[in-house]
Amino acid sequence: MTKDYIWWKDATVYQIWPASYKDSNGDGVGDIPGIISTLDYVKSLGTDVIWLSPMYDSPQDDMGYDISNYEKVYPKYGTLEDMDKLIEGTHKRGMKLILDLVINHTSTEHDWFKQSRSSKTDPKRDWYIWKPARYDAEGNRHPPNNWVSHFSGSAWAYDETTDEYYLHLFAESQPDLNWENEETRKAIYKSALSFWFEKGIDGFRIDTAGMYSKVQSFPDAPIVFPDSEWQPCQKYFQNGPRIHEFHKEMFASVTSKYDTMTVGEVGHSPREDSLKYVSAKEKEMNMMFLFDAVEVGSNPSDRFIYDGYKLTDFKNAVQNQSSFIEGTDAWSTVFYENHDQPRSITRFGNDSTKYRVKSGKLLALLQSTLSGTLYIYQGQEIGMTNLPRSWSIDEYLDINTINYYKEFKAKYGDNKEKMDKLMDNITLLARDHARSPVQWDDSENAGFSTGKPWMRVNDNYKEINVASQVTDPNSLFSFWKQSLKIRKEYKDLLIYGSFKILDKENQKIFTYVKEAAGQRAYIVLNFTSESLKFENLDGGKLELVHSNVNVEDESTLSPYEGRFYLIK
Ligand code: GLC
Ligand code: CA
């Protein structure tokens, strides 16, 4: 494996989702001055890069992923001057700052779209994707095709002004930009990228990076869900015909001019297709997120269709993520949380009082020993958990959850069993779990805000908060900090090394070896609440480096115990 150390390969990235991070002025919404006030904290964890989720001006239908102006800051979050201070404060501490690049779509409130929708002859008409209606034999109007939106319902919205439909693969207020139009692409590069590079940012997390190029015939998608009018249509927009041409153009004309890092959210594709985006020689992006692990057990077209998973499924997911770049010139990522995922302790560990911290440390051991650039999401370092099952659907504010629930209720509202099952799945998988306010201390509103938070604080903030953990050497926070330090100390093995599972069929224990240039590491993780017998599957002499317990009896793995050994 490659030994050319590059800052973004070695980096640990900390993701901040501004609305729920830290409120500085008591209006109940997190903001940029709030972020600035915590930079020392973020640095103290051992973070090298901050990824800030969208802070651009936006009506917030999809929490900022619906941008109305790339060159302005959402007023509740702050101003351009605040962003300058954030960039400066981050750099002063030796960290870097990357932003979210949301350029598959804008908000309907963006000036570009307002002009585009105004008339069929407007010069910006072709900046979005407009199509005439289809009519059935009875003369009823229908959308141009049967594509489903990611947020439920048709992917097309009818616009009366010009009697046509526009495409929105996400919410109705998120119209897709027409990347076929060169003038549009140039405008995107200038407004969304160059503007911020000139201000000194260090790169981008690229939202929905595989979706810009659509199959231009816009055909009906095959029927996968027979009881729905709208069908999954990935194959007509995911890795579309011109996608690599677009990425190459963006890289050559803008990104390559700066010392940056880029990480794409590309979604599900076969390995060969994914590699085309991140192979170094392709000159497109540095790395991408693979969703194998976070989506384990869910239907890839619909996360709320969930059947559970076995530890072996999870191992396969980790294996795929790790072997993805082996033998190539590409680079990979490690992440188990972000703003679109539930909390990892609830999802993959055990969030009971008894095992919450220990299983959180187990997951920290796993992540800090896997190769690739490591991403940590706000609150993950203190082990924030999902929202409780007792909360009603009214506490859920994410457009994805709300639309899904409404559509489901319209179909199955009378079926209590189905509705209960859906609520179970929402309690496990909704994006809202990542979006509750960060728990800073045990004061009112968890120290997130002196006003009423825009979203309810998780009930467990008195037990789980930053203040109680930063000074406690046995806390999850301290364990993460120590694990990140060890990750850097053994970076050849842990960040760059190869990965091999030793117990593929074992449903309770996860054992793997990392290897690099003659050095080997042995990692063993007990994923159950049982005590299990420890067996050395390698046979070499093991020397303990790091563990989430004080290992007294090496022959037994206590519940959720994990160990990292060097093989001598
Ligand atoms: C990405 C973002 C998600 C957003 C969507 C639409 O998947 O991570 O939060 O809803 O794109 O922009
Ligand atoms: Ca605020």
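The structure displayed is predicted, hence computed values, not measured ones. Counting starts at 1 for both ligands and their atoms, in listed order.
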Measure from every N or O atom of ligand 1 to the protein's N or O atoms and keep only the pairs below 3.5 Å, writing each with atom names and distance to 0.1 Å.
unit_1, atom_1, unit_2, atom_2, d
ligand 1, 7 (O), Glu265, OE1, 3.2
ligand 1, 7 (O), Glu265, OE2, 2.8
ligand 1, 8 (O), Arg205, NH2, 2.9
ligand 1, 8 (O), His339, NE2, 2.8
ligand 1, 8 (O), Asp340, OD2, 2.4
ligand 1, 9 (O), His339, NE2, 3.0
ligand 1, 9 (O), Asp340, OD1, 2.7
ligand 1, 9 (O), Asp340, OD2, 3.4
ligand 1, 9 (O), Arg431, NH1, 3.3
ligand 1, 10 (O), Asp62, OD1, 3.3
ligand 1, 10 (O), Asp62, OD2, 2.6
ligand 1, 10 (O), Arg431, NH1, 3.0
ligand 1, 11 (O), Asp207, OD1, 2.8
ligand 1, 11 (O), Asp207, OD2, 3.2
ligand 1, 12 (O), His105, NE2, 2.8
ligand 1, 12 (O), Asp207, OD2, 3.0

Please find out if less than 6.0 Å separates the ring center of Trp440 from that of Tyr21.
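Centroid separation for Trp440 and Tyr21: below 6.0 Å.
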Aromatic contact, Phe335 with Phe289 (centres under 6.0 Å)
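Under 6.0 Å, so yes.
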For the residue pair Lys96 and Trp7, would you count it as a cation-pi contact if the rule is NZ or CZ under 6.0 angstrom from the ring centre and within 45 degrees of the ring axis?
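Checked: cation-pi criterion met.
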Mark yes or no: Arg125 above the aromatic ring of Trp130, with NZ or CZ under 6.0 Å from the six-membered ring centre and no more than 45 degrees from the axis.
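Ring-cation test returns yes.
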Taking all atoms of both residues into account, what is the closest heavy-atom pair of Ile129 and Trp156, and its distance?
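Here Ile129 and Trp156 meet closest at O-CZ3, 3.9 Å.
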Note, Tyr309 side chain near Glu295 side chain (heavy atom, < 4.5 Å):
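The answer is no, as the side chains (C-beta and beyond) never meet within the 4.5 Å cut-off.
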Salt bridge check, Glu284 against Lys248: does any charged N sit closer than 4.0 Å to a carboxylate O?
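Yes, this pair counts.
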May I ask you to list the protein N, O or S atoms found at less than 3.0 Å from the Ca ion (ligand 2)?
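Protein N/O/S atoms under 3.0 Å of the Ca ion (ligand 2): Asp23 OD1, Asn25 OD1, Asp27 OD1, Val29 O, Asp31 OD2.
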Which word best sums up how the rings of Trp179 and Tyr212 line up, parallel for under 30°, tilted for 30 to 60°, or perpendicular for over 60°?
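Parallel, since the angle between the ring planes stays under 30°.
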Give me the ring orientation class for Phe113 and Tyr166: parallel if the planes are under 30° apart, tilted from 30 to 60°, perpendicular past 60°.
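Taking Tyr166 first and then Phe113, their aromatic rings stand perpendicular (interplane angle over 60°).
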